[in-house]
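One structure below.
In what follows, every chain begins at residue 1, and chains take the letters A, B, ... in the order their sequences are listed.
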2 protein chains.
Amino acid sequence: MLLSKTCTYGLLATLFVASQKGERDYVPIREISRQLNISFHFLTKILQRLTTHNIMNSYRGPNGGVRLAKTPDEISLMDIIQALDGNKIFEGCVLGLPGCGESTPCPLHQSWSQSRDIIIHSFMSANLANMSQEIQKGNLRISGMENWFTRKDD
Amino acid sequence: MLLSKTCTYGLLATLFVASQKGERDYVPIREISRQLNISFHFLTKILQRLTTHNIMNSYRGPNGGVRLAKTPDEISLMDIIQALDGNKIFEGCVLGLPGCGESTPCPLHQSWSQSRDIIIHSFMSANLANMSQEIQKGNLRISGMENWFTRKDD
DNA sequence: TATAATTCAGACTCTTTTATCTTTAATTTA
DNA sequence: TAAATTAAAGATAAAAGAGTCTGAATTATA
Ligand code: FES
Ligand code: FES
């Protein structure tokens with residue numbers, strides 16, 4: 001897998017928060033958990049990390065929850081991925097050899113570095129503003145059909 | 001990580017075997033282990049799986065070891081990757097959502113499917129014949145500098 | 001036939017990831 | 001102040017991946 005579970009959950013949750021309409025300030029984690037069918041406690045930990053990375057703000061107590069720490073156009077998917085998975089996915093040799101570069105290429109370096117650049121560029125240029133618009137229009141989905149059923153709370 | 005450790009070890013070992021010169025039939029796993037600095041027993045299991053997938057032939061006893069089951073141009077890197085990591089890497093949504101396609105795209109589908117196609121094409125078109133030539137010429141490396149030191153046998 | 005070299009097979013341990021459970025702290029509201 | 005709501009924090013457990021260990025089976029060679 002390119003992205004860890006932690007990372008995909010973080011991405012989905014952030015996209016969910018970004019695409020929330022309405023005047024309320026904070027979105028409760030429990031609601032995100034239910035809508036996206038992600039374990040509440042697990043999601044809490046993930047969002048805590050996003051909070052410490054200054055991608056989210058959190059607030060405790062009634063009407064509390066999380067919200068974006070910046071405007072949606074200032075947050076790229078790459079920011080979230082790096083906060084949760086680090087950049088070990090994008091740097092380093094795909095075969096695990098020490099070092100990665102044109103000077104000492106492994107057999108996959110040529111094709112991989114090309115693909116990698118495309119992926120990195122995509123993740124950096126994709127920000128929450130663009131995507132949340134499309135999500136609100138219904139052109140993009142951030143959940144499967146499992147949330148047609150309700151998740152049992154944990 | 002895109003590829004598991006199992007998979008990268010399998011790729012390196014296969015490339016090593018393919019780039020062996022000489023008239024001997026089988027390459028002992030212990031020698032591959034030493035040259036590539038991979039745990040012998042772990043590598044043994046990996047090569048067993050490649051044997052059952054008809055990528056390698058094995059032979060027991062003195063002068064035994066493994067060899068390619070087909071000619072190098074008949075084995076692509078994709079064959080090895082699929083034998084060891086399956087195709088779950090290449091199929092399915094990068095965000096873990098059920099299903100992946102143009103009809104129900106997730107926010108990363110556009111960029112990911114493009115990158116994915118490039119990667120798949122690279123892995124399918126790269127065969128052992130091409131690569132072992134380059135390795136023998138010294139243009140490609142299949143190990144880091146750790147094999148400048150000897151690995152303690154396990 | 002005895003011995004050494006080698007793969008095969010399975011159980012086992014260790015580590016990381018993923019997930020759950022419980023308690024604590026902060027905040028609002030009545 | 002008391003009660004309810006919510007995130008924070010930590011302990012624990014389950015699952016998967018990575019790696020180790022031991023013994024058995026096969027084969028060549030002396
Ligand atoms: S050296 Fe292997 S991917 Fe660059
Ligand atoms: S739907 Fe997510 S990658 Fe295709």
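In terms of the side-chain hydrogen bond (donor to acceptor under 3.5 Å, both in side chains) criterion, residue partners of B:Glu31 (sequence neighbours excluded) are, by chain and number, B:Arg24. Qualifying side-chain hydrogen bond (donor to acceptor under 3.5 Å, both in side chains) partners for B:Asn139, counting only residues two or more places apart in sequence or in other chains: B:Glu134. By the side chain to side chain contact (heavy atoms under 4.5 Å, CB included) test, A:Lys21 is found to be paired with A:Gln136, residues two or more places apart in sequence or in another chain being considered.
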Side-chain atoms of residues 118-129 of chain A: list all donor-acceptor pairs with protein atoms under 3.5 Å, sequence neighbours left out, distances to 0.1 Å.
residue  : atom : partner  : partner atom : Å
A:Ser122 : OG   : A:Ile118 : O            : 2.8
A:Ser125 : OG   : A:His121 : O            : 2.8
A:Ser125 : OG   : A:Ser122 : O            : 3.3
A:Asn127 : OD1  : A:Ala129 : N            : 2.9
A:Asn127 : OD1  : A:Asn130 : N            : 3.0

Donor-acceptor contacts under 3.5 Å from residues 60-68 of chain A side chains, at least two apart:
residue : atom : partner : partner atom : Å
A:Arg67 : NH2  : A:Tyr26 : OH           : 3.4

Side-chain polar contacts of residues 74-87 of chain A - donor-acceptor pairs under 3.5 angstrom, sequence neighbours left out - could you list them?
residue : atom : partner : partner atom : Å
A:Glu74 : OE1  : A:Thr71 : N            : 3.1
A:Glu74 : OE1  : A:Thr71 : OG1          : 3.0
A:Ser76 : OG   : A:Met78 : N            : 3.3
A:Ser76 : OG   : A:Asp79 : N            : 3.2
A:Ser76 : OG   : A:Asp79 : OD1          : 3.4
A:Ser76 : OG   : A:Asp79 : OD2          : 3.3
A:Asp79 : OD2  : A:Ser76 : N            : 2.9
A:Asp85 : OD1  : A:Ser4  : OG           : 2.6
A:Asp85 : OD2  : A:Ser4  : N            : 3.0
A:Asp85 : OD2  : A:Ser4  : OG           : 3.3

Tabulate below the donor-acceptor pairs under 3.5 Å that side-chain atoms of residues 99-112 of chain A make, not counting sequence neighbours, or state none.
residue  : atom : partner  : partner atom : Å
A:Glu102 : OE2  : A:His109 : NE2          : 3.3
A:Ser111 : OG   : A:Leu108 : O            : 3.4

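Among residue pairs with one or both ends in residues 61-108 of chain A, none qualify as ring pair (Phe, Tyr, Trp, His ring centres under 6.0 Å); sequence neighbours excluded. The side-chain hydrogen bond (donor to acceptor under 3.5 Å, both in side chains) analysis of residues 45-56 of chain B, with sequence neighbours excluded, yields no pairs.
Within residues 51-64 of chain A, the residues having any heavy atom closer than 4.0 Å to DNA chain D are, in order of number, A:Ser58, A:Tyr59, A:Arg60, A:Gly61, A:Pro62, A:Gly64. Within residues 5-15 of chain B, the residues approaching DNA chain D are B:Lys5, B:Thr6, B:Tyr9, by heavy-atom distance under 4.0 Å.
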Protein and nucleotides 10-13 of chain C: nitrogen or oxygen contacts under 3.5 angstrom:
residue : atom : partner : partner atom : Å
C:dA11  : N6   : B:Lys45 : NZ           : 2.8

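At least one side-chain heavy atom of A:Leu47 sits under 4.5 Å from a side-chain heavy atom of A:Leu50.
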